[in-house]
Amino acid sequence: MDTLDEPLDVLKFSIAQQIYIKMRNNIELKGTLVSYDNHLNMIISKAEETSFQEGIKTKRKLDALYLRGDGIILISPLKKGITSL
Amino acid sequence: MQSQFFQTYFRGLIERCVSVTIELKNGLQIQGQITYVDDNLNFNLVDPEVSDPVKQPQLITLKNSFIRGSTVKYVHIPQEELQEEVLISACKNEVKKQKQ
């Protein structure tokens, strides 16, 4: 049952866990995955957004948010210890 | 996972009259109450308030707005209105259903 059969299973195993998301326009998000769908639309709770614009790094603490999937580049579960970027 | 999942969720927010902030891809933030959401996750907002009226003075007088789903980056939802546990179990159920 708990096998990684398809790429989206990474998200399946990350429900209620911390994940890291890289998005277009140099935006990175960290937060708890609450739910997702096939378009990679997601609801993230206790999100923290880091954006790099013109060499300046800005951090924003956000509440819960629905995130539209079309801006996503990569997703990684934080559980296995991805180093902070 | 059906794409209707989030539509159903937003319908719930509409019923509970939750006020949200929609952040668009161009950085514009609009706060208001959702009155309608469709398959493409287009939104209708009533009494939209723009976060930065100095930059967007033409939007101050809006009474009603329709936001195309593809321009949305985030929808900020108040943490206390999220219903995190309900969503997590609903999402797990959906995934299971799809696997079968």
Side-chain angles (χ1 to χ4, degrees), chain A residues 1-19 21-54 56 58 60-73 75, chain B residues 1-14 16 18-27 29-31 34 37 39-43 51 67-100:
Chain A
M1 173 211 161
D2 276 359
T3 51
L4 236 164
D5 299 326
E6 48 173 304
L8 272 185
D9 285 353
V10 169
L11 281 178
K12 183 176 102 185
F13 297 135
S14 302
I15 295 174
Q17 312 249 3
Q18 287 270 101
I19 57 167
I21 303 162
K22 187 174 163 64
M23 302 214 305
R24 289 167 70 168
N25 304 320
N26 292 322
I27 294 170
E28 295 173 352
L29 274 175
K30 277 178 199 171
T32 313
L33 178 66
V34 177
S35 51
Y36 70 94
D37 68 8
N38 282 336
H39 301 286
L40 293 184
N41 297 327
M42 290 184 243
I43 290 187
I44 311 284
S45 115
K46 300 185 196 83
E48 193 184 293
E49 182 201 59
T50 317
S51 73
F52 303 90
Q53 301 296 340
E54 292 154 15
I56 302 161
T58 38
R60 268 203 302 171
K61 284 238 184 235
L62 308 165
D63 258 7
L65 56 88
Y66 159 80
L67 161 67
R68 194 170 163 96
D70 58 358
I72 290 174
I73 295 174
I75 300 159
Chain B
M1 170 81 46
Q2 290 173 357
S3 51
Q4 277 171 8
F5 181 82
F6 286 113
Q7 196 192 353
T8 315
Y9 177 68
F10 281 117
R11 289 242 168 90
L13 290 187
I14 294 169
R16 281 156 35 218
V18 177
S19 175
V20 299
T21 307
I22 297 184
E23 185 171 340
L24 305 186
K25 294 217 167 87
N26 64 5
Q29 293 192 19
I30 308 168
Q31 196 194 25
I34 307 174
V37 62
D39 294 354
N40 298 316
L41 294 171
N42 300 323
F43 295 101
S51 63
I67 297 171
R68 187 175 152 94
S70 67
T71 65
V72 172
K73 183 159 81 172
Y74 304 135
V75 178
H76 301 266
I77 302 157
Q79 190 83 41
E80 60 275 12
E81 298 285 358
L82 183 65
Q83 297 184 312
E84 195 167 333
E85 287 78 22
V86 180
L87 266 174
I88 287 174
S89 59
C91 185
K92 281 180 178 166
N93 279 340
E94 279 288 326
V95 174
K96 240 185 240 164
K97 230 191 274 169
Q98 206 186 30
K99 282 273 148 125
Q100 282 160 8

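The sequence lines fix the lettering, A, B, ..., with proteins before strands; numbering per chain opens at 1.
Interatomic distance, B:Glu80 CD to A:Asp63 CG, rounded to the nearest 0.5 Å: 7.0 Å. Atoms CD and CG, on B:Glu94 and A:Asn38 in that order, are 10.0 Å from each other to the nearest 0.5 Å. From A:Ser35, atom OG reaches atom CG of B:Leu82 across 8.0 Å, with rounding to the nearest 0.5 Å.
Across A:Gly71, A:Ser45, A:Ala47, the residue that shares the most heavy-atom pairs under 4.5 angstrom with chain B is A:Ser45. Contacts with chain B were tallied for A:Leu11, A:Thr32, A:Leu65; A:Leu65 has the most, counting heavy-atom pairs under 4.5 Å.
Within the 4.5 Å cutoff, side-chain heavy atoms of B:Lys25 are placed close to those of A:Asp70. Between A:Tyr66 and B:Tyr9 there is no side-chain heavy-atom pair separated by less than 4.5 Å. Taking 4.5 Å as the limit, some side-chain heavy atom of A:Glu49 sits within range of a side-chain heavy atom of B:Tyr74. In this structure the side chain of A:Lys46 reaches within 4.5 angstrom of the side chain of B:Glu84, judged on heavy atoms. Contact of the A:Ile43 side chain with the B:Phe6 side chain is registered, since non-hydrogen atoms from C-beta on lie closer than 4.5 Å.
A:Leu67 touches chain B through backbone and side chain together, each having a heavy atom under 4.5 Å away. For A:Asp9, the part lying near chain B is the side chain, with the backbone staying farther off; criterion is any non-hydrogen pair under 4.5 Å. Of the two parts of B:Glu23, only the side chain, counted from C-beta on, holds a non-hydrogen atom closer than 4.5 Å to a non-hydrogen atom of chain A. If you measure heavy-atom distances from B:Thr21 to chain A, you find no contacts under 4.5 Å at all. Contacts of A:Ile72 with chain B are absent, with no heavy-atom separation under 4.5 Å from either backbone or side chain. At a 4.5 Å heavy-atom cutoff, the contact between B:Ile88 and chain A is made by backbone and side-chain atoms alike.
Other residues, nucleotides and ligands contribute only 12 or fewer heavy atoms inside 6.0 Å of the CZ atom of B:Arg68.
Contact record, B:Cys91 with A:Tyr36: SG-N, 3.6 Å, taken as the closest heavy-atom pair. B:Asn40 approaches A:Arg68 most closely through the heavy-atom pair O-NH1, 3.6 Å.
B:Asn42 pairs by the side-chain hydrogen bond (donor to acceptor under 3.5 Å, both in side chains) definition with B:Asp38, not counting sequence neighbours.
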